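Contents: one structure, followed by commentary.
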Amino acid sequence: MKEYTYYPGCSAEASGRPSNVSARNVAQGLGIGLIELSDWNCCGATTYLSVDGERAMALSARNLALAEKERRDLVAICSGCFSAMNKANHRMADSGELKGKIDRALDAAGLEYDGTTRVRHLLDVFVNDVGEDAIRDKVEKHLKGLRVAAYCGCLLGRPKGMFDDPEFPTSLDRVLSWLGAEPVWYPVKAKCCGGMLMTSQSEVCERLVERLLSLAVEAGAECVATICPLCQINLECYQKRINKAFGTRLDVPVLYFTQLMGLAMGMGEKELHLSENLTPSEAVAARC
């Protein structure tokens, strides 16, 4: 069994619990060991980065330093965490001045970091380490041509397109097709959902989400697949408010890609926590 150091992120025990649970179970089903990083802390993403970038990156650096001791790739399930920790890695490598400041902060906590931790998204691990043949072999219930809009969001490609095209990623589409689903043509798959701006500039985010969901419906999608807890909650939580604001009739199931993988692998509620999704997923589950 190949092992990775696992970084759940702050949402894993709250709004993103279905992502956390389904990711762990699908990984186990594929023969992957996710060993949770001991004493991990917030990666400093979203609001903190905009307030004090250096301190936010010091938070990420602490996780990187802890993971470096484990000598395994550090795997995240949240695109925000994935991006924030990669950004800290790149910025410290590019700037000796920043690296020096963060080194002093780590030293105060009894840590040091040599810059060797490789941060990866779980989707990257599934596509490029596990691979098509191994995933197809685990499929017990094909998704029977389920039409899915594969939404990756804007952070998967930041910084520098780590494993997929930053403007038009295809990894998620490939995984879905291996499960028997039919990814629809969805050119906005890397467009921003607004992220945390939903809490402060909700009218802006509602417009962004309305376009993402409406285009998925126009493409004939029966559901949307996401790879990030923040994207997932933005896409599914505000549909009623958006319908009222824009006169739409959106009622689109939004599932984590690991929930769809789990369904195809024959997993049920205990392993996937589908009932915790805010949008109804029964019709999707019935397609298996």
Side-chain angles (χ1 to χ4, degrees), residues 1-9 12 16 18-37 67 70-79 81-82 86 117-153 156-157 161-165 168-184 189 223-229 232 255-274 281 284-285 287-288:
M1 173 182 287
K2 186 169 184 179
E3 295 181 337
Y4 299 81
T5 300
Y6 178 55
Y7 179 81
S19 175
N20 181 35
V21 172
S22 59
R24 289 175 185 267
N25 285 317
V26 168
Q28 184 177 32
L30 292 172
I32 288 176
L34 294 180
I35 302 170
E36 185 167 327
L37 178 65
E70 305 298 327
R71 300 181 181 275
R72 295 184 291 262
D73 288 353
L74 179 62
V75 174
I77 53 173
C78 169
S79 298
C81 302
F82 167 76
N86 268 314
T117 300
R118 183 186 183 197
V119 183
R120 305 180 67 188
H121 194 285
L122 186 61
L123 176 63
D124 174 20
V125 171
F126 285 168
V127 172
N128 295 308
D129 292 9
V130 179
E132 178 178 357
D133 291 343
I135 291 176
R136 286 187 184 275
D137 284 346
K138 293 292 182 180
V139 173
E140 296 181 5
K141 298 178 179 180
H142 283 79
L143 296 184
K144 299 177 183 176
L146 178 73
R147 292 174 61 81
V148 184
Y151 178 67
C152 294
L156 188 68
M162 298 297 292
F163 70 94
D164 206 337
D165 189 298
F168 198 80
T170 59
S171 294
L172 181 55
D173 298 72
R174 291 159 59 197
V175 170
L176 293 169
S177 68
W178 300 341
L179 307 176
E182 181 183 337
V184 302
K189 61 177 62 182
C223 68
V224 175
T226 67
I227 63 168
C228 170
Q232 200 273 348
L255 288 82
Y256 294 103
F257 83 105
T258 44
Q259 289 179 310
L260 288 169
M261 292 185 73
L263 284 171
M265 293 166 67
M267 297 179 184
E269 172 60 28
K270 181 179 179 181
E271 294 91 356
L272 303 176
H273 285 210
L274 287 166
S281 55
V284 175
R287 294 291 300 274
C288 299

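Since the structure is predicted, the reported quantities are computational estimates derived from the model, not experimental observations. The analysis underlying the following values was restricted to heavy atoms, covering all of them including side chains, and did not include hydrogens, waters or symmetry mates.
The heavy-atom pair separating L156 from P169 by the smallest distance is CD2-CB, 4.4 Å. Closest heavy-atom contact between G31 and M1: O-CG, 3.1 Å. The minimum heavy-atom distance linking A23 with I77 is given by the pair CB-CG2, 3.8 Å. In terms of heavy-atom proximity, S171 sits nearest to F163 at OG-CE1, 3.7 Å. The shortest heavy-atom contact between G131 and W178 is C-CZ3, 4.0 Å. Considering all non-hydrogen atoms of both residues, A76 and C81 come closest at CB-CB, 4.2 Å.
Evaluation of the side chain to side chain donor-acceptor pair (under 3.5 Å) test over residues 258-273, restricted to residues two or more places apart or in two chains, returns S22-T258, Q259-N277, E269-S275, H273-E276. The side chain to side chain donor-acceptor pair (under 3.5 Å) pairs that include a residue from residues 134-148 are E132-R136, R147-E182, where partners are two or more places apart or lie in different chains.
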Report the C-alpha separation of M162 and D124 in whole Å, then their side-chain angles, then the decisive distance to 0.1 Å, and conclude whether the side-chain contact (heavy atoms from CB on, under 4.5 Å) test is met.
-> CA-CA 9 Å; M162 298 297 292; D124 174 20; over 6 Å; no

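Side chains of I227 and L122 form no contact here, defined as non-hydrogen atoms less than 4.5 Å apart. The shortest side-chain heavy-atom distance between I35 and E70 does not fall under the 4.5 Å cut-off. Counting heavy atoms from C-beta outward, L30 and I135 have side chains that approach closer than 4.5 Å. In this structure the side chain of Y151 never reaches within 4.5 angstrom of the side chain of C228, judged on heavy atoms. In this structure, the side chains of L146 and L260 come closer than 4.5 Å at one or more pairs of heavy atoms. Side-chain contact check for Y7 versus V75: every heavy-atom pair is 4.5 Å or farther apart. In this structure, D129 and Y4 have side chains that are in contact, with non-hydrogen atoms separated by less than 4.5 Å. At least one side-chain heavy atom of Y6 sits less than 4.5 Å from a side-chain heavy atom of N20.
Taking the six-membered ring where the residue is Trp, F82 and H121 present perpendicular rings, their angle passing 60° and hence far from 30°.
With a 6.0 Å radius and a threshold of 12 heavy atoms from other residues, nucleotides or ligands, Q28 has its CD atom at or below the threshold.
Counting only distance, with no hydrogens or angles, the side chain of D164 and the backbone of T170 share a donor-acceptor pair below 3.5 Å.
Note that CG of L176 and CG of L143 are 8.0 Å apart. Values are rounded to the nearest 0.5 Å. The structure places CG of L123 at 9.0 Å from CZ of R174, a figure rounded to the nearest 0.5 Å. The CG atom of L172 lies 7.5 Å from the NZ atom of K189; values are rounded to the nearest 0.5 Å. Taking CZ of R71 as the start and OG1 of T117 as the end, the distance is 10.0 Å to the nearest 0.5 Å.
Screening R120, R118, R72 against T5 for a side chain to side chain donor-acceptor pair (under 3.5 Å) leaves a single residue, R72.
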